[in-house]
Structure formats: C-alpha cells, structure tokens
**Q** 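Would you mind keeping the following structure in view while I ask a few things?
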Amino acid sequence: MQSAPRAVADHLTEVLALVAPLPAVRVPVVDAADHVLAEDVHAPEALPRWDNSAMDGYAVRADDVAAASDAAPVRLTVLADLPAGSAAEPVVAPGTAARIMTGAPVPPGADSVVPVERTDAGTDVVAVRAPAVLGAHVRRAGEDVVAGELVLARGTLLGPTQVAAAASVGCGDVVVHRRPRVAVLSTGSELVVPGTPVTRGQIPDSNSFLLAAAVRTAGCDVVRVGAVPDDADALRAALDEQDGAVDLVVTSGGVSMGAYDVVKEVLAGEAGMSFVAVAMQPGKPQGLGRLRRGTPILALPGNPVSAFVSFEVFVRPALRVLRGLAPGGDDETAIALEGWSSPPGREQYMPVTLRGTARRGDGPTVAGVRPAVRGGSGSHLVAGLARAEALAVVAADVERVEPGDRVRLMRAQR
Ligand code: AMP
Ligand code: MG
C-alpha cells in the first residue's frame, strides 16, 4: 500500500538532518571568496592607520594659508616630498609645507591639505592660491574602523568586498568552513556524452552537467562522475568510489517506479536509505540517506526539470548548511502575469521568466512572472528551462493560478 506523499517542508527537514557545517580551516585570503567565515575577523589596528591625504597636493598649516587667494598667493617653503608609501615624518613648521600624494601619512605639524590644483605645483617653494578649511582633505585614522573593532562576523559569506575588508585589516588568511566536495553522477543506459553521436533511443546526458554547474556556482567543489548505465554493479562501484571521499553524493535518475530504476534497486534495501514520494511537481520521487561509509546521498529524479527543481529545493539548502550558512534565504512574492494550472495536492515549482511590474497602488515594485516554457511544466523541457530566471512556488491547495495572483518566488541564491 502506498503511503501519502510527504510535504516538501518535511522532506527538506529530513534532508537537512543529513548535513552539518564542515570543520573550520585556515585559507589564504586569496582563496577565501565563496567561503563562509568560521571565526570573527577583528581589526588589529585602526583603519586608516594614520591620518593621510585624500588628495595630491600640499600638507599645510591652515593658519598659514588663511589669507591665500588668486590675487595674493601665500608662498611656503616645500620641505619634503611625500609619495604614498613614504615613512618620512618632516615637521611642518609655520611657513612651510610638504608636497604630499594621496594616501601618504600627513606629517606632524600639518593639519590640512591644499589640492595641487589650488597651487602653482612648485617643488622648492609653492604658491598657494586658496585657503584651507582646518582638516580639509585629511582622512582621519580610525574613521573606517577603530583598533579591535569587529570587521566581519562569523557566518559571513565572503564575496569580493568582504575579502577586501579582511585584506585591508591585514589578514593574510582567514578561518572558514571547509569548502564542500560534492560528487555528481547521472544514471541511465540511454545517456551519451554530449558531442558524441546519438543513435535512436539515446540522449545526451545533461543532468550531470546541470548538477555539476549548480554545485560549482553554489560555492562547492564538484567531482563529476558523469553518466553510469542502469546496471546495479556499475552503480555500486561508482558509489563505493565516492563514499567516504566526498561530503555529499548527488545522483539523478533511477528513483521512480519503473523496471530499470537502478538507484532504487541498489540502495532501497540499505539501512540508511529511504525512497519517498514528495508532494511536489515536478520532483515527486526522491531518495535520501547515507551510503555504507556514512556519506550522505541525495537521489534526484532524472527528468531534467525535476533534477533542477530538486537541486534548488533540497540540494542547495544542504550545500548551504555544509558551507556554514543558513539553509534558505528570504522568500519573495511575485505576481503572475498569466494564468496556469497546478496539480491538486502537490506544491508546484514552475520555472518562470521575470519582469519588473508595479503593484497596484503605491506599493513597491515586485516581479511579474510567466511560465518560461509554453504549455507549462513538462519536466522534460530542458532547453526551455534555460529561459527560466526563477521558480514560482504554488501552494498544494491551489489548482489554478490566475493573472494577478501572488505566488512565492525562489531565486537561485549563492
Ligand atoms: P528516470 O528518472 O531515470 O526515469 O528518467 C526520467 C527521464 O529523464 C527519462 O526520459 C530520462 O531519459 C531522462 N533523463 C534521465 N537522466 C537524464 C540525464 N542525465 N540527462 C538528460 N535526461 C535524463
Ligand atoms: Mg533512468
């Protein structure tokens, strides 16, 4: 007897129970992007470290140039030249100035910088043609962060700007969660390597490439095993090779009720595994559990749209947890621009294209969506799937989406 399908949220809970954040490792800051911090980063010193010039010009005493004008320039003796990187500390006494470039420390005695454009650019004596407001064009020590301040909190996903912040406070390396290694394999005796000749009945394997690209863009390393035929021994050998060597195995195909559903055939009897029907469309048949040496495995259905949706709904949250992130992002709401039907009793994940649209009234602009594929949700329509920019999620009790209806929107996250 068939038990009732499992709700998507319940299945996701089961999936997430298989994973935990990976251990912390120290990585060079050059390799830190796309990792998640496992330890806070504090500034050991203030940033900027010294008062420094915001302009190319002359470090002066504002009092000296208070009366300067085009008609009556003030002449100052140039006592030093301070390019960026200069460690010199010439004392700027009354009647003197230091030529200074952007970023160079402001020398003692000086309190302001006159931009070169307001001078005759002299090198021995400079004629200053405008007064300086006290403190003008001086970047203050500590105005970015003060010594000891928290710069990046653990749990932060490091993108380019966060990497820059870590580097700026002098971190040569950072402590992050180890980057997950994920094995991806597809199953099916009909699958051939893309680019090789296809005979009747065969199709190019697209899922192992879809999943490999998805895993990689989700900040993980991928071991793309490729396509394995519907042969129990071949699949067992391929799984044994990955079990214990990776943090997660993701398979596609072979999990339905058919005669050649090899993933189910090989794994269904194992203690740590279960194969269930999830109340969703597409993506109903799902397998999950652990291989013999404990490596978690998610077995996705083979239809390409089903595999993609299953990745977004189950695999991506699991990868985020392995990386040290929260499983999901914030929900968004979108408005349907055209209607479509949805199966009763199953949460529908419709690949959609997006268009900005104004909500009626003065509300904020929200995305308008329409199915990416004419005729809706055929789970084999892999080329049409390439037009999709997001997934519209339709609740299980809705049988028809009408134009103007609100739907939940899932955009691919990092
Ligand atoms: P399955 O889940 O193995 O029954 O496969 C369902 C459908 O998806 C069949 O039409 C398969 O040919 C197709 N399919 C399975 N795996 C792949 C793959 N790796 N690439 C493209 N299509 C696939
Ligand atoms: Mg198959």
Side-chain angles (χ1 to χ4, degrees), residues 2 5-6 11 15 182-217 222-239 241-242 248-268 273-289 297-316 343 346 348-349 351 372-373 375-388:
Q2 190 103 18
R6 179 191 274 176
H11 190 64
V15 167
V182 180
V184 163
L185 67 87
S186 51
T187 64
S189 294
E190 72 278 28
L191 303 176
V192 299
V193 174
T196 60
V198 174
T199 58
R200 181 174 166 78
Q202 296 184 320
I203 56 169
D205 168 25
S206 61
N207 286 350
S208 72
F209 297 91
L210 166 92
L211 294 171
V215 163
R216 211 172 276 130
T217 56
V222 66
V223 180
R224 199 188 63 83
V225 176
V228 176
D230 292 319
D231 173 271
D233 292 339
L235 179 64
R236 172 53 76 191
L239 292 175
E241 203 179 322
Q242 300 307 322
L248 177 70
V249 174
V250 181
T251 66
S252 88
V255 294
S256 322
M257 310 299 287
Y260 298 95
D261 282 322
V262 67
V263 177
K264 208 169 174 178
E265 180 189 329
V266 166
L267 295 176
M273 293 296 307
S274 53
F275 288 85
V276 298
V278 179
M280 64 192 289
Q281 187 224 33
K284 185 175 172 192
Q286 299 283 340
L288 83 176
I297 176 169
L298 299 178
L300 316 181
N303 273 305
V305 182
S306 312
F308 171 68
V309 166
S310 303
F311 180 89
E312 292 301 326
V313 178
F314 302 122
V315 183
R316 190 185 290 278
R346 292 161 78 185
Q348 184 188 44
Y349 290 78
V373 178
S377 63
S379 54
H380 58 296
L381 302 170
V382 63
L385 180 64
R387 284 191 288 274

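For ligands, and for the atoms within them, numbers begin at 1 and follow the listed sequence.
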**Q** Does some non-hydrogen atom of Thr187 fall short of 4.0 Å from ligand 1?
**A** yes
**Q** Ligand 1 versus Ser186, non-hydrogen atoms closer than 4.0 Å: side chain, backbone, both, neither?
**A** side chain
**Q** Might you point out which heavy atoms bring Met257 and Asp261 nearest each other, and give the distance in Å?
**A** N-OD2, 3.3 Å
**Q** To check your reading of the model: name the closest protein heavy atom to atom 10 (O) of ligand 1, its residue, and the distance in Å.
**A** Asn303 OD1, 4.3 Å
**Q** Using modelled atom types only, decide if a donor and an acceptor are shared between the side chain of Asp205 and the backbone of Leu191 within a distance under 3.5 Å.
**A** no
**Q** Which residue owns the protein heavy atom closest to atom 11 (C) of ligand 1, what's the atom, and how far is it?
**A** Glu190 OE2, 3.1 Å
**Q** How close does the nearest protein non-hydrogen atom get to atom 5 (O) of ligand 1, and which residue and atom is it?
**A** Gly302 CA, 3.8 Å
**Q** Please confirm whether Ser206 comes under 4.0 Å of ligand 1, counting heavy atoms of the residue only.
**A** yes
**Q** I need the contact type for Val382 against ligand 1. Using non-hydrogen atoms and a strict under-4.0 Å cut-off, is it side chain, backbone, both or neither?
**A** neither
**Q** Looking at atom 17 (C) of ligand 1, what's its closest protein heavy atom, distance included?
**A** Asn207 ND2, 3.3 Å
**Q** Do Ser306 side-chain atoms and Gly302 backbone N/O form a donor-acceptor pair below 3.5 Å?
**A** no
**Q** If we only consider heavy atoms of Gly254, is any one of them less than 4.0 Å away from an atom in ligand 1?
**A** yes
**Q** With a 3.5 Å cut-off and no angle check, do the side chains of Ser252 and Asn207 form a donor-acceptor pair?
**A** yes
**Q** Can you see whether Phe311 has Arg316 sitting over its ring - NZ or CZ less than 6.0 Å from the centre and within 45° of the normal?
**A** no
**Q** Number the atoms of ligand 1 from 1 as they appear, then name those within less than 4.0 Å of a heavy atom of Ile203, with their elements.
**A** 12 (O), 21 (C), 22 (N), 23 (C)
**Q** Considering only the protein, which heavy-atom contact is closest to atom 19 (N) of ligand 1, and what is its distance?
**A** Asp205 OD1, 2.8 Å
**Q** Is a donor from one side chain sitting under 3.5 angstrom from an acceptor on the other, for Gln281 and Gln348?
**A** yes
**Q** Tell me which part of Val255 gets within contact of ligand 1: side chain, backbone, both or neither, using heavy atoms under 4.0 Å.
**A** neither
**Q** Does atom CD of Glu241 have more than 12 heavy-atom neighbours from other groups under 6.0 Å away?
**A** no
**Q** So does Phe275 have more than 12 non-hydrogen atoms from other groups sitting under 6.0 Å from CZ?
**A** yes
